[in-house]
Amino acid sequence: MTCLLPTKSGKAAFLGDGLRRQIRRISARLTVRQSRCLTCASIRQHESAARVYRKSVESRSSIRMGIPSKGRMAEDTMQLLDDCQLKVRKINPRQYAAEIPNVPGVEVWFQRATDVVRKLVSGDIDIGIVGYDMLREIGNQDEDLVVVHDALGFGGCHLAIAVPSNWEDVISLRDLLSDKRWSKERPLRVITAYMNLATQFFADQGFDYVELSTADGALEAAPAMGAADCILDLVSSGTTLRENNLKQIEGGRVLDSQGVLVASRTALLNRPGTLAVIHEMLERIEAHLRAEGLFMVTANIRGSSAVEVATVLSSNGGQLLRGLQGPTVSPIYTYSTDGSSSKEGSYYAVSIGVPKSRIYETVKQLRKVGGSGVLVFPLTYVFDEEPPRWSALMNNLGLNVRDFEHLKIGEEFANDGQA
Ligand SMILES: Nc1ncnc2c1ncn2[C@@H]1O[C@H](COP(=O)(O)OP(=O)(O)OP(=O)(O)O)[C@@H](O)[C@H]1O
Ligand SMILES: O=P(O)(O)OC[C@H]1O[C@H](OP(=O)(O)OP(=O)(O)O)[C@H](O)[C@@H]1O
Ligand SMILES: [Mg+2]
């Protein structure tokens, strides 16, 4: 007898201990199966149907962004937008539509991660933040989906094959492939939530005898239950695998993933304002992520000229005391004793951006060259030149960076009403 219960979310909480006991009592002769078995073909049909019904840009005038409504990515996405001063304003927690007051004209829609991708494909949203794994699985290499930023710095995990730890002879994918246990009559049974990626991977690796099945979560339980031989699922810390007596194998890493910013090519090229919004988001995200790893340090250093101080810094601290492009060195003006006049004195103020991880080393180096009054500040943004990801996007869209000059954000929004 097998009884499957929800592992998490509202349903799991509802099935509290009391209810679990009741179920145990009444279910002596009951078998509940939660897993669905889908063929790859049916999933493909489902995903491509969305493609056929892609909406035209004229069907609405607003720019829509989709972000995960729950799960691991939801909180991190909100935090990233907040850190970039793109805070999402939600009137109440059960509402699925919101706005970003700093970017007027953008509607934010909260959706399940899978639906963010589906709605990008169908043209119901223009911009989205999701895990790269979802983008690849659901988007299935749809040419309309353009990755604008591929490393948002959260949701880091990888999709991997895991087999029972007690399969001592199976260390690598090659071992799994040559295992004589699998045949046409008794294929290798793999359970996964990533049917498209799994189909592609096993075909590319030359597996002839594989049967895929799918479930929505807690896949790690399937081998012990006898429902599958191995799994293809996300791994981050590896704890879930370990706790379920599973192990990864060499060559079984299918895809590396983290949060990505995606946009619809159709919307970028045709919906007024979308390209400008993406430009601003990209600039803010890049500048924030660059700043996140740095501290701004200022200190006073004795010297006879700014050049001498800069030379002392670079010859003693090497790259560390040179900052991002070289130290900023400015004279400190000292006043005469009666305060009536000021003159360039023998102290200079230096400002440098340094990696957070090397802050103490920096302080010690500054002291060594006579630095005093060392102040350390967090940074909000480091805006550099136009981000390389922007040029890459323009390239991808077949546009010239100069073409965008006239699409400045103000003009774009001003044009919206007339479009
Ligand atoms: N263990 C993990 N560590 C880091 N990122 C993860 C992990 N598991 C999933 N993710 C990322 O988060 C995204 C959303 O996963 P999450 O589990 O929150 O949602 P879901 O599986 O769609 O929903 P649910 O599990 O609640 O049914 C995944 O697509 C992946 O990019
Ligand atoms: O390597 P770890 O750090 O242990 O993380 C991996 C687990 O995280 C995800 O599951 P999630 O918690 O989203 O539950 P789910 O299986 O119900 O989606 C994923 O599906 C793995 O089960
Ligand atoms: Mg999950």
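Indexing begins at 1, ligand by ligand and atom by atom, following the structure's order.
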Under 3.5 Å, N or O to N or O, is Y132 touching ligand 1 that way?
-> no
Decide whether an N or O pair under 3.5 Å exists between R112 and ligand 1.
->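 Yes.
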Counting only heavy atoms not in E361, do more than 12 sit closer than 6.0 Å to its CD atom?
->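 Check passes, neighbour count above 12.
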More than 12 non-hydrogen atoms from neighbouring residues, nucleotides or ligands closer than 6.0 Å to CG on D169, yes or no?
->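 Incorrect, the count does not exceed 12.
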Side chain, backbone, both or neither: which part of Q258 comes within less than 4.0 Å of ligand 1 when only heavy atoms are counted?
->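 No part of Q258 is near ligand 1 at this cut-off.
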Give the numbers and elements of all ligand 2 atoms closer than 4.0 Å to a heavy atom of T240.
-> 2 (P), 4 (O), 5 (O), 6 (C), 7 (C), 22 (O)
Ligand-side contact atoms (ligand 2) for residue partner E220, heavy atom cut-off under 4.0 Å = 21 (C), 22 (O)
Please work out whether any backbone atom (N, CA, C, O) or any side-chain heavy atom from C-beta onward of C157 is under 4.0 Å from ligand 2, and answer side chain, backbone, both or neither.
-> neither
What atoms of ligand 1 come closer than 4.0 angstrom to any heavy atom of [X]?
X    : answer
M134 : 22 (O), 29 (O)
G131 : 31 (O)
S236 : 1 (N), 2 (C), 3 (N)
G71  : 18 (O)
L234 : 8 (N), 9 (C), 10 (N), 28 (C), 30 (C)

Would you confirm whether R265, through its side chain, and E143, through its main-chain N or O, come within 3.5 Å as a donor-acceptor pair?
-> yes
Main-chain N/O of F201 paired to D204 side chain as donor or acceptor, under 3.5 Å |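 Checking the backbone N and O of F201 against the side chain of D204, no donor-acceptor pair under 3.5 Å is found.
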Report yes or no: does R72 have a heavy atom closer than 4.0 Å to ligand 2?
->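 Yes, that is the case, since the closest heavy atom of the residue is under 4.0 Å from the ligand.
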Please round to the nearest 0.5 Å and tell me the distance separating atom CD of E292 and atom NZ of K356.
->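 Between atom CD of E292 and atom NZ of K356 there are 6.0 Å.
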Donor on one side chain, acceptor on other, S62 and E107, under 3.5 Å =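 Distance-only check passes for S62 and E107.
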Just by distance, with hydrogens left out, do N196 and Q200 show a side-chain donor and acceptor under 3.5 Å apart?
->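 Side-chain D/A pair, N196 to Q200: absent.
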Donor-acceptor pairs under 3.5 Å, side chain of residues 150-157 to any protein atom, not counting sequence neighbours: which ones?
{"residue": "D150", "atom": "OD1", "partner": "R389", "partner atom": "NE", "Å": "3.0"}
{"residue": "D150", "atom": "OD1", "partner": "R389", "partner atom": "NH2", "Å": "2.9"}

Tell me which one of D233, L159, T192, D133 gets a heavy atom nearest to atom 20 (O) of ligand 2.
->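 Looking at heavy atoms only, the winner is D233.
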Looking only at non-hydrogen atoms, which of G71, A221, A160, A218 approaches atom 16 (O) of ligand 2 most closely?
->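 Considering heavy atoms of G71, A221, A160, A218, the nearest to atom 16 (O) of ligand 2 sits in A218.
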Are any of the N or O atoms of G238 closer than 3.5 Å to those of ligand 2?
->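 N/O-N/O distance under 3.5 Å: yes.
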May I ask you to decide if the ring planes of W167 and W182 are parallel, tilted or perpendicular, using 30° and 60° as cut-offs?
->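 W167 and W182: tilted rings.
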Quick one: side-chain contact (heavy atoms from CB on, under 4.5 Å) partners of R242, sequence neighbours excluded?
-> T239
G155 near ligand 1 by a heavy-atom separation under 4.0 Å |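 Heavy atoms of G155 do come under 4.0 Å of ligand 1.
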